[in-house]
Protein chains: 2
Amino acid sequence: MAFLKDIAAAAGVSIRTVSRVLKQSGYVNEATRTKVMAAAKQLDYRPSLAARALKTGKSFEVTAIIGSVDELHMEKIAGLEQALRAAGYSVHIFFSTTPADRQDAGDVLDAVLQRQPAAIIIFPNSLLPVKKVKARLAETNTPYVFLDTGHAGTNTVNIDRQQGVYEAVKYLAAHGRRHIAYMGSPNNNTRLAGYERAIKELCREPIILATAGNTQQDQYEVGRKNIETFLAANPRPDAVQVFSDVMAMGFLAALHEHGIAVPDDVAVVGFDNRRVAALAWPRLTTVMQPNRELGTVAAEILLSKIAGRKPPADDWYRILSTKLVQRDSA
Amino acid sequence: MAFLKDIAAAAGVSIRTVSRVLKQSGYVNEATRTKVMAAAKQLDYRPSLAARALKTGKSFEVTAIIGSVDELHMEKIAGLEQALRAAGYSVHIFFSTTPADRQDAGDVLDAVLQRQPAAIIIFPNSLLPVKKVKARLAETNTPYVFLDTGHAGTNTVNIDRQQGVYEAVKYLAAHGRRHIAYMGSPNNNTRLAGYERAIKELCREPIILATAGNTQQDQYEVGRKNIETFLAANPRPDAVQVFSDVMAMGFLAALHEHGIAVPDDVAVVGFDNRRVAALAWPRLTTVMQPNRELGTVAAEILLSKIAGRKPPADDWYRILSTKLVQRDSA
DNA sequence: TTGTAAGCGTTATCAA
DNA sequence: TTGATAACGCTTACAA
């Protein structure tokens with residue numbers, strides 16, 4: 001490890017001059033500059049991030065507070081890390097998935113703030129009370145962004161799920177499907193709204209496939225059990241937009257068991273584009289969430305905030321588009 | 001933010017005494033101790049990790065170098081983070097998935113070492129030349145551990161895939177299957193060895209289902225195409241142990257298309273216990289890898305190394321057991 | 001049992 | 001255009 005003083009010695013100048021050259025601040029004689037640069041390169045100088053953090057009170061680390069162990073998050077993290085690393089930042093991860101996680105860490109947020117991260121990114125369902133977090137973060141003046149909270153708000157990157165479902169339903173209609181149903185909780189939610197908007201535009205009757213009180217159940221089981229409401233529906237749907245890929249897999253299993261052909265008898269469209277969608281039988285047409293992009297956009301916002309840029313008109317709110325992935329099930 | 005000096009002032013003692021109390025080192029008068037503790041708590045003191053890192057040359061951060069964006073890694077990371085956090089460490093992640101990643105970071109390892117991590121954990125397929133890494137790491141005296149390298153070696157936590165396949169094949173035999181085949185590359189690999197060991201013990205003939213030169217192809221496609229070797233096999237297998245869940249999904253799709261019933265006509269066992277296994281149709285019996293445990297065991301090793309403990313007899317080599325997850329396909 | 005003081009490697013103020 | 005030098009907050013040898 002080479003330090004500033006080593007370079008200074010090697011180049012025959014003072015530490016301050018070396019620093020000046022390396023940080024490109026202030027006037028430096030071209031000759032000295034070259035000399036210093038050469039020495040730095042020669043000694044393979046890498047600044048001590050710890051010293052820098054101590055001195056400036058800011059680290060080059062961004063902390064991601066993750067709310068669940070989910071394959072989709074992995075992509076978000078990858079996007080985030082890639083974009084952040086390009087700007088010289090590294091990513092810290094911190095799980096907050098169970099109530100115990102919060103206890104262990106005392107207050108999760110305080111544990112995170114102790115490391116003086118340059119910024120914080122909060123993943124969905126992190127068990128953190130949003131309001132309190134925002135207040136605390138504002139107080140410590142730490143840039144932050146929320147990911148995929150599901151409802152509009154400042155300092156957030158969301159996914160336009162409504163539009164995703166809307167487009168999928170339009171696609172089904174354009175491919176000759178007459179009775180397009182939606183499977184999922186009938187309670188207020190964004191995806192249902194997208195379905196309803198599309199159905200209305202198509203001047204058709206909505207068909208909601210749902211079993212009572214299935215909110216907290218396993219999605220796969222819900223999809224599987226919903227075969228009954230499907231079979232009972234009159235007219236019987238020839239297409240179903242399902243809440244999620246996982247629920248769609250349950251529904252698919254039930255359809256197979258009943259000898260109902262997909263997509264010939266019913267078209268099925270999922271949501272999420274999980275790995276499973278490409279592996280299902282038949283391969284599942286689904287709505288892709290821009291997970292990687294979610295990460296990179298979050299990184300951009302964070303970097304802008306760190307750089308002290310003024311909030312744009314939307315006050316750091318972004319909503320990203322989904323995309324229909326056509327496969328064999330619809 | 002409260003600092004040592006604030007506590008010292010509040011308690012009317014010197015910084016040194018505060019430090020002594022907080023670190024529980026050396027003799028401290030009980031009354032002073034109480035006074036200091038109270039002040040620390042009152043001011044919600046949290047040590048500056050940056051200052052500590054600068055002073056000691058060691059951070060409380062462990063860097064994980066990740067080789068691919070894979071759902072299974074997410075679990076490993078979760079296990080790692082949980083165990084490490086309990087010991088006061090936090091986890092840094094660093095992707096090294098593409099050749100570009102290496103270039104961007106100059107030398108990945110140097111970029112990582114610059115942050116003076118307390119330890120490093122290297123995930124499978126991280127594009128890093130193992131020997132060079134070990135040398136560099138030994139040189140900088142940084143504790144490290146490799147994850148799931150696939151071959152025995154020191155400072156490594158592996159998964160006993162051979163045993164996993166062995167047990168699955170035995171399970172199939174115990175459930176009355178006569179002609180148990182293995183699907184996957186016929187080239188030397190651990191899983192195949194497990195299959196061969198079991199078949200030998202059962203005094204049966206091995207049946208290897210493979211298409212030529214499929215090494216680099218998409219596993220799903222390989223499984224799908226392998227239906228041909230399956231149909232051509234004589235006798236036709238009534239059970240197949242497939243290389244991976246993904247490959248099994250391809251095979252399953254082909255079986256469905258040929259109207260071959262699972263598990264009635266053929267039992268199918270996958271490997272990995274990915275999320276997809278529980279969602280497949282039929283639900284896939286498969287061999288579970290102890291991903292979370294892999295993370296926690298790696299954390300234990302790292303913590304031992306950090307604590308300066310002497311290497312045990314196995315020189316930090318651990319191999320973890322898999323577990324058969326029975327579902328509907330076998 | 002407690003305190004003084006010297007660093008860790010960087011940044012940045014102030015002179016020269 | 002350059003150089004002393006004082007922090008940043010913590011750890012720790014050495015004194016008292």
Side-chain angles (χ1 to χ4, degrees), chain A residues 1-37 39-40 43-61 88-89 110 113-118 140-141 306, chain B residues 1-37 39-40 43-61 88 110 113-118 140-141 306 308:
Chain A
M1 281 287 187
F3 305 121
L4 243 29
K5 66 161 182 270
D6 300 317
I7 301 177
V13 296
S14 78
I15 286 186
R16 180 64 244 255
T17 302
V18 176
S19 171
R20 224 182 252 111
V21 170
L22 263 22
K23 302 233 98 176
Q24 326 197 43
S25 69
Y27 296 99
V28 185
N29 181 298
E30 189 52 34
T32 9
R33 213 189 72 84
T34 328
K35 215 165 43 181
V36 169
M37 289 301 270
L43 297 173
D44 188 29
Y45 171 73
R46 288 169 182 277
S48 155
L49 268 13
R52 192 174 277 176
L54 174 60
K55 182 62 194 172
T56 63
K58 278 290 161 210
S59 70
F60 274 69
E61 290 163 10
Y89 289 81
D110 278 340
L113 287 172
Q114 179 181 14
R115 306 195 117 92
Q116 300 183 305
T140 58
N141 207 24
I306 292 171
Chain B
M1 282 288 186
F3 304 121
L4 243 28
K5 66 161 181 269
D6 300 318
I7 302 178
V13 294
S14 77
I15 287 185
R16 180 65 245 252
T17 301
V18 176
S19 171
R20 224 182 253 110
V21 171
L22 264 22
K23 303 229 102 179
Q24 327 198 38
S25 69
Y27 297 98
V28 185
N29 179 298
E30 190 50 34
T32 350
R33 216 189 70 84
T34 328
K35 213 165 46 180
V36 169
M37 290 301 270
L43 297 173
D44 188 30
Y45 172 73
R46 289 167 181 275
S48 155
L49 267 14
R52 192 175 275 175
L54 174 60
K55 180 63 194 174
T56 63
K58 278 291 162 209
S59 69
F60 274 68
E61 289 163 10
D110 279 340
L113 287 172
Q114 178 181 14
R115 304 193 120 91
Q116 301 183 306
T140 58
N141 206 24
I306 290 172

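Residue numbering restarts at 1 for every chain, and letters A, B, ... go by the order of the sequence lines.
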Using a heavy-atom cut-off of under 4.0 Å over every strand shown, decide if A/Phe3 touches base, sugar-phosphate, or nothing. sugar-phosphate

Along DNA chain D (nearest heavy atom to each residue), the more 5'-positioned of B/Arg20 and B/Pro47: B/Pro47

Nearest listed nucleotide, side chain of A/Ser14, among D/dG3, D/dC10, C/dT4: D/dG3

Check whether any side-chain N or O of A/Thr32 sits under 3.5 Å from a backbone N or O of A/Val28 as a donor-acceptor pair, and report yes or no. no

Got a donor-acceptor contact below 3.5 angstrom from the B/Gln114 side chain to the A/Pro47 backbone? yes

Taken to the nearest whole Å, CG/B/Asp6 to P/D/dC8 is 11 Å

What is the distance, to the nearest angstrom, from the CG atom on B/Leu4 to the P atom on D/dT12? 12 Å

N or O in side chain of A/Thr56 less than 4.0 angstrom from D/dC8 OP1/OP2: no

Rounded distance in Å - CG (B/Leu22) to C1' (D/dT12): 15 Å

Rounded distance (Å) that lies between atom P of D/dC8 and atom CG of B/Leu49: 19 Å

Quick one: does any side-chain atom of A/Thr56 pair with a main-chain N or O of A/Arg52 as donor and acceptor, under 3.5 Å? yes

Compare side-chain N and O positions of B/Tyr45 against OP1 and OP2 of D/dC10 and report whether any pair is under 4.0 Å apart. yes

At under 4.0 Å between heavy atoms, what does B/Arg52 touch on the DNA or RNA strands: base, sugar-phosphate, or nothing? sugar-phosphate

Is a donor on one side and an acceptor on the other found under 3.5 Å between the side chain of A/Ser19 and the backbone of A/Ile15? no

Phosphate OP1/OP2 of D/dT2 contacted by A/Thr32 side-chain N/O (<4.0 Å): yes

Where the side chain of B/Lys5 is defined as all heavy atoms beyond and including C-beta, which of D/dG9, C/dG3, D/dT2 is the nearest nucleotide? D/dG9

Quick check: any donor-acceptor pair below 3.5 Å linking the side-chain of B/Arg33 to the base of C/dT1? no

Without swapping roles, check the side chain of B/Ser59 against the backbone of B/Gln116 for a donor-acceptor pair under 3.5 Å. yes

So what does B/Ser19 touch, heavy atoms closer than 4.0 Å: a base, only the sugar-phosphate, or nothing? base

Per atom distances to the B/Thr17 side chain, the nearest of C/dG9, C/dT2, C/dT1 is C/dT2

Atom pair distance, as rounded to whole Å: CZ in A/Arg46 and P in C/dC8: 22 Å

Walk me through whether A/Tyr27 and A/Arg20 qualify under side-chain contact (heavy atoms from CB on, under 4.5 Å). CA-CA 8 Å; A/Tyr27 296 99; A/Arg20 224 182 252 111; over 6 Å; no

Please compare A/Ile15 and B/Asn29 by the position of their nearest nucleotide in DNA chain C and report the one closer to 5'. B/Asn29

In this structure, how many angstroms lie between the C1' atom of C/dA16 and the CZ atom of A/Arg16, rounded? 14 Å

Between the base of D/dA7 and the side chain of A/Lys55, is there any donor-acceptor pair under 3.5 Å? yes

Whole angstroms only, please: what is the CG-P distance between A/Leu54 and C/dT10? 12 Å

Does B/Ser25 reach a base, just sugar-phosphate, or nothing at all? Heavy atoms under 4.0 Å. nothing

Whole-Å distance separating the CD atom of B/Gln116 from the C1' atom of C/dG9: 10 Å

